[in-house]
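Take a look at the structure set out below.
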Amino acid sequence: AQKVTQAQTEISVVEKEDVTLDCVYETRDTTYYLFWYKQPPSGELVFLIRRNSFDEQNEISGRYSWNFQKSTSSFNFTITASQVVDSAVYFCALSLWGNRDDKIIFGKGTRLHILP
Amino acid sequence: GAVVSQHPSWVICKSGTSVKIECRSLDFQATTMFWYRQFPKQSLMLMATSNEGSKATYEQGVEKDKFLINHASLTLSTLTVTSAHPEDSSFYICSAALRDRPLDTQYFGPGTRLTVL
């Protein structure tokens, strides 16, 4: 069975601090996708990144970076120099490749508070 | 990028009434659409998977007679909450997957907040 664990329920940091959101996934499949989504107070999900299981390269996009390690089944997300606008709930998610009926499995989310 | 809309964005109804929520893919054809429910401060839970022209596949524990899903075209899926009760109050989110592509990307709608009095 597939599972996504976000152990951090809620995190508060002061603006400009760096923060890392943890994500650990479980799957027996060798081909899968991993995602991060941001959900601001408005509720609309904002897609941040998709990574397939064959690509373990870390990625950086502005202040955001992602560390994918298959050895530990982790896909962690780091925000550097955090800003108040980063306050949101962040979801890590997993989907399997190829089967059109497959679904995205979401973690429980991490609520991030950036304090001014 | 691909855009998915939902209508209405919020709705308040009396207990016992039925509510229909529309999910449209605006600039692409979506073979598959998904319906999620999100309770306050909780994660998204998949309710059902909807394929155009066929019956929806419901997740375990989701009542198909209560949550009617129709996916009549490649751009529209509807979720009808029949005889709504206060415990059905939730944030309902749909997503759409691009036609003829592996299920690697879902485009999410903005959500519909349902409040049942």
Side-chain angles (χ1 to χ4, degrees), chain A residues 1-11 21 23-25 27 29-55 87-113, chain B residues 1-6 8-10 23 29-60 62 71 90-115:
Chain A
Q2 285 68 240
K3 186 179 177 182
V4 176
T5 302
Q6 294 180 255
Q8 303 149 308
T9 306
E10 205 156 344
I11 300 175
L21 309 182
C23 173
V24 174
Y25 63 93
T27 179
D29 282 61
T30 56
T31 52
Y32 51 88
Y33 288 97
L34 294 165
F35 305 81
W36 275 96
Y37 289 91
K38 174 183 180 180
Q39 188 177 41
S42 65
E44 184 164 1
L45 280 175
V46 177
F47 169 80
L48 296 178
I49 190 171
R50 179 187 71 233
R51 173 68 74 220
N52 73 57
S53 53
F54 299 111
D55 184 2
S87 297
V89 180
Y90 291 85
F91 291 100
C92 180
L94 165 73
S95 75
L96 301 182
W97 182 322
N99 184 340
R100 61 180 269 173
D101 292 327
D102 262 335
K103 54 200 177 191
I104 288 183
I105 298 154
F106 285 86
K108 292 191 174 182
T110 297
R111 187 173 297 273
L112 178 63
H113 301 280
Chain B
V3 177
V4 175
S5 71
Q6 279 185 244
S9 54
W10 59 270
C23 176
Q29 293 183 326
T31 309
T32 306
M33 288 185 172
F34 301 83
W35 287 96
Y36 296 84
R37 179 168 55 184
Q38 185 181 29
F39 291 110
K41 296 195 175 183
Q42 293 190 24
S43 187
L44 282 74
M45 297 300 296
L46 180 67
M47 299 175 67
T49 302
S50 166
N51 291 304
E52 184 261 339
S54 62
K55 290 185 178 180
T57 302
Y58 290 81
E59 294 299 301
Q60 195 171 9
V62 178
H71 192 162
S90 187
F91 192 52
Y92 291 88
I93 304 173
C94 74
S95 70
L98 287 172
R99 182 186 178 93
D100 296 332
R101 287 192 57 182
L103 197 59
D104 58 351
T105 300
Q106 289 186 23
Y107 295 93
F108 286 84
T112 296
R113 196 165 300 280
L114 170 63
T115 302

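Proteins come first, then strands; the chains are lettered A, B, ... in the order of their sequence lines, and each starts at number 1. Side chains included, hydrogens not; waters and symmetry mates left out as well; all remaining heavy atoms used. Small disclaimer: the values here were computed from a predicted structure and weren't measured.
Residue contact with chain B, scored on non-hydrogen atoms closer than 4.5 Å, involves the side chain of Gln39(A) exclusively. Using a 4.5 Å cut-off between heavy atoms, Phe106(A) contacts chain B through both its backbone and its side chain. When heavy atoms are compared at a cutoff of 4.5 Å, Gln6(B) does not approach chain A at all. Using a 4.5 Å cut-off between heavy atoms, Leu44(B) contacts chain A through both its backbone and its side chain.
Side-chain contact annotation: Glu52(B) with Gln29(B), donor-acceptor N/O pair under 3.5 Å absent. A donor atom on one side chain and an acceptor atom on the other are not found under 3.5 Å apart for Glu59(B) and Tyr36(B).
Residues satisfying the side-chain contact (heavy atoms from CB on, under 4.5 Å) test with Ser90(B), not counting sequence neighbours, are Arg37(B), Phe39(B), Tyr92(B). Under the rule for a side-chain contact (heavy atoms from CB on, under 4.5 Å), the partners of Ser5(B) that lie at least two apart in sequence or sit in another chain are Arg24(B), Leu26(B).
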